[in-house]
Amino acid sequence: MSDSTPKADIGVTGLAVMGSNLARNFASKGFVTAVHNRSYSKTTALIDEHGGDGQFVPSESAADFVASLATPRKIIIMVKAGGPTDAVIDELSELLEPGDILIDGGNALFEDTIRREKAAREKGIHFVGCGISGGEEGALKGPSIMPGGSKEAYASLGPILEKISAHVDGEPCCTHIGTDGAGHFVKMVHNGIEYADMQLIAEAYDLLRRGAGMEPAEIAEVFAEWNRGDLDSFLIEITAEVLKQVDAETGKPFVDVVVDAAGMKGTGTWTVQTALTLGIPVTGIAESVFARGLSSSTKQRAGAGNLPGPSQPWSVKDRDAFVEDVRLALYASKIVAYAQGFDEIVAGAAQYDWEIDRGAVARIWRGGCIIRARFLNRITEAYADNPELASLLFAPFFTDVVSKGQDSWRRVVAGAAQSGIPTPVFASSLAYYDGLRTERLPAALIQGQRDFFGAHTYQRVDKEGTFHTLWSGDRSEIQEDGHTPGVNAPVKSGS
Ligand SMILES: NC(=O)C1=CN([C@@H]2O[C@H](COP(=O)(O)OP(=O)(O)OC[C@H]3O[C@@H](n4cnc5c(N)ncnc54)[C@H](OP(=O)(O)O)[C@@H]3O)[C@@H](O)[C@H]2O)C=CC1
Ligand SMILES: O=C(CO)[C@H](O)[C@H](O)COP(=O)(O)O
């Protein structure tokens with residue numbers, strides 16, 4: 001770095017797909033951008049190929065990288081989550097000064113972020129766990145950004161992040177989510193919803209293909225058409241593109257030459273594990289994680305031929321009506337996935353003492369991220385109308401969509417079950433909806449069973465208190481004095 005090189009406004013370390021594109025995004029918006037990577041070859045490649053995008057300050061060593069930044073320094077870490085992130089934090093922490101801001105833009109587990117923020121705070125360093133969504137292209141052209149950390153850190157960092165984020169209706173897709181791990185928590189739930197949405201789209205494709213006998217190219221047209229209506233979203237749009245693709249080598253549809261085993265890096269699993277701990281039923285997200293697991297269960301799937309299916313194949317008589325049924329079932333199930341995801345955010349905020357504005361979260365997911373969709377505007381409106389909304393499904397707009405679509409939803413799920421086409425997220429979402437609208441659930445019987453075998457006690461519908469029946473005695477009822485946890489009480493570790 002020569003003496004005339006200005007100090008950098010922001011630094012990025014970790015220059016794989018996400019980091020290099022984010023760095024280019026910063027530089028192209030006029031920020032002097034310091035860049036660094038463990039292997040220097042990625043840094044030189046970035047400067048060689050894209051040095052013209054703006055003003056970059058490359059460094060080979062972490063010490064030079066830190067020295068190249070204006071104070072208070074702002075550094076975004078874009079490396080593999082887990083151990084690599086800790087290694088980079090440890091190295092940089094030795095070089096930083098109180099007041100500097102260290103931002104982790106990777107897909108970190110929010111509990112790691114809480115731990116890292118606390119450790120950094122003890123050294124006077126601001127640590128911002130920051131969810132970033134949008135993949136490679138979003139990082140370059142404008143992602144959706146979910147920063148946690150202190151308000152103080154956001155005051156100086158926020159304007160820079162807002163400038164490089166996606167914008168919808170002139171508003172940045174970036175807002176301060178809450179303290180310590182809040183940003184990564186919300187990004188985790190975003191990814192859980194992403195899993196459910198992708199699985200729902202895959203189920204819709206399977207129904208159209210195997211139920212209605214349509215070819216991938218025809219289904220691509222259907223998705224392209226759906227993308228012009230209520231289902232307008234990034235994932236529907238790219239699905240049409242993937243289904244249109246023809247394999248150059250074989251001339252077959254691309255989707256037919258790809259192994260049917262879906263991978264995952266862990267954020268969907270974290271969403272479900274966390275939801276289980278918080279006692280929140282994220283059934284659609286959970287089924288989507290399990291569906292990826294089943295697709296990759298090679299040993300079990302090798303026995304596919306041994307398991308007989310239904311005697312009658314599905315015959316769809318009116319293809320257009322069926323396509324419309326699947327569209328409405330997809331829309332309703334998708335709303336359930338979002339409703340469950342937002343319930344998890346509310347529970348997480350209560351558990352970790354974060355003030356998370358659900359309407360603002362929906363607003364910053366409208367652009368840049370993988371789950372961006374037209375209907376997110378409606379979610380923002382729903383929370384603006386009623387900030388205490390107990391479930392998104394109770395917002396009049398969504399109640400209306402789901403109730404208008406429910407006959408289609410039921411036909412699709414029933415038809416799929418009868419014909420042996422697995423639709424775990426369509427079916428579980430419908431079951432969740434029916435569970436929510438059922439005034440009296442069979443859980444009373446479960447309470448009776450629990451009390452029978454374990455004296456776990458129960459409450460009565462007609463009077464206050466906690467009761468136990470003397471099942472192995474004279475079966476009379478006694479009133480207990482002790483406290484009984486609520487059915488949805490968070491599971492405490494070790495209990
Ligand atoms: N890819 C995507 O679409 C998205 C990714 N993310 C998250 O962003 C982060 C970056 O993702 P991506 O760009 O795909 O890159 P990768 O997750 O593939 O990580 C590669 C980068 O990590 C660096 N790295 C690995 N181990 C270490 C270590 N021990 N010390 C220092 N650096 C290390 C590599 O350096 P080197 O070149 O020296 O090997 C390289 O720069 C990840 O946390 C990911 O989960 C978030 C949203 C979307
Ligand atoms: O964070 C992302 C988008 O927002 C990544 O694309 C996501 O990590 C992909 O997850 P997986 O590999 O588990 O499907």
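All ligand and atom numbering here is 1-based and tracks the order in the structure.
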(message) Is Met198 close enough to touch ligand 2? Criterion: a residue heavy atom under 4.0 Å from a ligand atom.
(response) no
(message) Can you name the atoms of ligand 2, numbered from 1 with element, that are less than 4.0 Å from a heavy atom of Asn191?
(response) 1 (O), 2 (C), 4 (O), 7 (C), 8 (O)
(message) So, applying side chain to side chain contact (heavy atoms under 4.5 Å, CB included) with Ile75, which one of Val12, Leu96, Ile10 is it?
(response) Leu96
(request) Report the part of Arg292 (side chain from C-beta onward, or backbone N, CA, C, O) that has a heavy atom under 4.0 Å from ligand 2; answer both or neither where that applies. (result) side chain
(request) Look at the aromatic rings of Trp365 and Tyr338 and report parallel, tilted or perpendicular, splitting at 30° and 60°. (result) perpendicular
(message) The criterion is side chain to side chain donor-acceptor pair (under 3.5 Å); which residues satisfy it with Ser133, sequence neighbours excluded?
(response) His190
(request) For Asp357 and Gly359, indicate whether the former's side chain and the latter's backbone hold a donor-acceptor pair under 3.5 Å. (result) yes
(request) Using a strict cut-off of less than 4.0 Å between a Lys/Arg side-chain nitrogen and an Asp/Glu carboxylate oxygen, indicate whether Asp53 and Arg24 qualify as a salt bridge. (result) yes
(request) Salt-bridge test for Arg378 and Asp385: reply yes if a basic N is under 4.0 Å from a carboxylate O, no otherwise. (result) no
(message) Using a 4.0 Å cut-off to any heavy atom of Met264, which atoms of ligand 2 qualify?
(response) 13 (O)
(message) Would Lys334 and Asp230 count as a salt bridge (Lys or Arg N to Asp or Glu O under 4.0 Å) here? Give the steps.
(response) CA-CA 11 Å; Lys334 186 179 161 106; Asp230 298 324; over 6 Å; no
(message) To check your reading of the model: name the closest protein heavy atom to atom 8 (O) of ligand 2, its residue, and the distance in Å.
(response) Asn107 ND2, 3.3 Å
(message) Regarding Glu171 and Arg366, does a basic nitrogen lie under 4.0 Å from an acidic carboxylate oxygen?
(response) yes
(request) Tell me which protein heavy atom sits closest to atom 13 (O) of ligand 2, plus the residue, atom name and distance to 0.1 Å. (result) Tyr195 OH, 2.5 Å
(request) Please report which non-hydrogen protein atom sits nearest to atom 1 (O) of ligand 2, along with the residue it belongs to and the distance in Å to one decimal place. (result) Lys187 NZ, 2.7 Å
(request) Write out the residue and atom name of the closest protein heavy atom to atom 4 (O) of ligand 2, then the distance separating them to 0.1 Å. (result) Ser133 OG, 2.9 Å
(request) Go through ligand 2 atom by atom and flag the ones less than 4.0 Å from a non-hydrogen atom of Ile370. (result) 3 (C), 4 (O)
(request) For the pair Arg116 and Asp86, find out whether any cationic side-chain nitrogen is under 4.0 Å from an anionic carboxylate oxygen. (result) yes
(message) Does any N or O of ligand 2 fall below 3.5 Å from an N or O anywhere on Lys265, backbone included?
(response) yes
(request) List the steps and the verdict of ring-ring contact (aromatic ring centres under 6.0 Å, His included) for Phe110 and Tyr352. (result) CA-CA 11 Å; Phe110 72 95; Tyr352 296 98; 5.2 Å; yes
(message) Between Arg301 and Asp260 (salt bridge meaning N to carboxylate O under 4.0 Å), is one present in this structure?
(response) yes
(request) Quick one, list the residues around ligand 1 where some non-hydrogen atom comes in under 4.0 Å, by chain and residue number. (result) Gly14, Leu15, Ala16, Val17, Met18, Asn37, Arg38, Ser39, Lys42, Met78, Val79, Lys80, Ala81, Pro84, Val88, Gly106, Asn107, Ile132, Gly135, Lys187
(request) For atom 6 (O) of ligand 2, grab the closest protein heavy atom and report residue, atom and distance to one decimal in Å. (result) Glu194 OE2, 4.1 Å
